[in-house]
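Here is how names work: the chains are called A, B, and so on, in the same order as the sequence lines, proteins then strands, and each is numbered from 1. Being a predicted model, the structure only gives us computed values, none of them experimental.
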Amino acid sequence: MLRIYNTLARDKQDFKPIEANKVRMYVCGMTVYDYCHLGHARVMVVFDMVYRWLKASGYDVNYVRNITDIDDKIIKRAAENRESIHTLTQRFIDAMHQDADALGVQRPDHEPRATQFVPQMLEMIAQLEKNGLAYLAADGDVNYAVRKFDGYGKLSGKSLEDLRAGERVEVASDKNDPLDFVLWKHAKDSEAEEVKWDSKWGKGRPGWHIECSAMGSELLGKHFDIHGGGADLQFPHHENEIAQSEGAHQCQYVNYWMHNGFVRVDNEKMSKSLGNFFTIREVLKKYDAEVVRFFILRAHYRSPLNYSDQHLDDAKGALTRLYTALKGVPSPTSGRGIEGEGVVDWNAPYAQRFKSAMDDDLNTPEAVAVLFDLANEANRSQSEQAAAQLKALAGVLGLLQRDAQEFLQGGSSDGGMDDSAISAQIEARIAAKKAKNFAEADRIRKELLEAGVVLEDTAQGTSWRRA
RNA sequence: GGUGCGAUAGCAAAGCGGUUAUGCCCCGGAUUGCAAAUCCGGUUAGCCCAGUUCGACUCUGGGUCGCACCUCCA
């Protein structure tokens, strides 16, 4: 049975779906005004892994990951670029998809954009107003009256008193309570028509938190199973979502809240405000996308993950070991089902270990350790079956699905020797070896090594890979 | 200041009240013309102080340090 660490309970709990065999899951996605960085990569990969594991466990999953395409930063960036917000957001949505695809992230079932759900948001705000939880402030904004909602703070474990004590910012004057947050922002004259929607409170645009509440309930219902996102969204974003959804619908919003840990650089959170971030595409210039995915899944999703070249190099070496064990195993026949689906015999010992690791709060480091044990088994026994099992299990994590040779020999584009030049050198070396001219053979091997090519002589002949 | 999380070998990273985590690195052996890859074996752990226990890296208490949230952030 799957157990999930539920932020709401601060503990691991048995996962029981609301509807038998079905899981409804929502994850907070990106605000699209810039390229995704490694922190975004982690959310996408982590919840992709959760999505895959739920499906592999036999659930029919409805996975929603939203796109925030209206927001202060988007408006600002569009103005700086002198382009429409639509042009700007579309460009970065496309870029996000490219990055996600590269990392082997499956598309969610729905990727709703905030701008397409404004009517639902307005409806929800009206309901909150009706329930006495929202009010129109003097400045024209509609705010949420935090004090009126009983359970405020239950997710983040904060009390209103604690929050007040820690206030660091000058309070916006027109709020009844400093902790109240905006549901509807009134339009300013200076703003483009593109960012204004009509409402009964006047022209304006939605606040950030209401997006997720409205899109979540529209696509998944008022009460759904899993809601995920980065740990930094726990407060205030997710706390506010609960206040909105439960305040409007008068029922439980989400059963399991999952939060992934941060990516760090030099032990500090990678973030836009600190400016210490690396974009996905930047990293992919230097490292294979699967190495990056493996690097992420090798750590537990709730633990901090330090980024450095050394760690990526290490991940690359480890992944190389797995692929080496797979040499000669054909790629899965394409065309049907999920990668690895139908191939895994879950009663086999390694598969059982893998499953219990994954069922224990998605313990991918443990699951990956099983992969290495299986690689050892495959190498030792030279069993094609073991290798096939390795590939199938790894497939559940979205790993090891490429042809081993392609992975091991890939990366020629960045200035290395091309494949035909390598083949020519290998032929020359074989000739030298036949003539017992080992000095020449070793010279060629050394030359290739300096070009980043490692040779391996086997009974079947000489193979090579890139270091 | 409030709240929460963490501290495991050279690096990274898990489980577990007693029995090999795992990967990279390092050392020895097998294999190889020599290598590489692979296999076999080995070295290097559990922040500090108390307590519980026959026995603690694992449980409890205290301390120290680190990180995060309390402001937009995945």
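Heavy-atom distances to RNA chain B give each of R10(A) and V43(A) a nearest nucleotide, and the one nearer the 5′ end belongs to R10(A).
Heavy atoms of F438(A) sit under 4.0 angstrom from at least one base atom. Among the protein residues, T324(A) comes within range of the sugar-phosphate backbone only, with heavy atoms under 4.0 Å from sugar or phosphate atoms but none that close to a base. Among the heavy atoms of the strands lying under 4.0 Å from N379(A) are primed sugar atoms or P, OP1, OP2 only; no base atom is included. Heavy atoms of L455(A) sit under 4.0 angstrom from at least one base atom.
Nearest nucleotide to the N363(A) side chain, out of C72(B), A14(B), C70(B): A14(B).
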Next on the checklist: For a quick check, with a 4.0 angstrom heavy-atom cut-off, what is the B/S/- contact string for nucleotides 20-30 of chain B, read 5' to 3'?
Outcome noted: -BSBS------
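Legend: ring-ring contact (aromatic ring centres under 6.0 Å, His included) pairs involving residues 355-395 of chain A, not counting sequence neighbours: none detected. For residues 262-285 of chain A, the set of pairs meeting the ring-ring contact (aromatic ring centres under 6.0 Å, His included) definition, not counting sequence neighbours, comprises H37(A)-F277(A), F278(A)-Y307(A).
Every salt bridge (charged side-chain N to carboxylate O under 4.0 Å, His left out) that R147(A) has, sequence neighbours left out, goes to E161(A), D177(A). Contacts of T320(A) classified as side chain to side chain donor-acceptor pair (under 3.5 Å), with partners at least two apart in sequence or in another chain: none.
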Checklist entry - Reading RNA chain B 5' to 3', how would its secondary structure be written in dot-bracket notation, given Watson-Crick and G-U pairs with both distances under 3.5 Å, brackets [ ] for crossing pairs and | for partners on other strands? => result (((((((..(((.....[...))).(((((.......)))))....(((((..]....))))))))))))....
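Atom name C1', nucleotides C54(B) and C65(B): the rounded distance is 34 Å, in whole Å. Going from the P atom of U19(B) to that of C24(B) covers 25 Å, rounded to whole Å.
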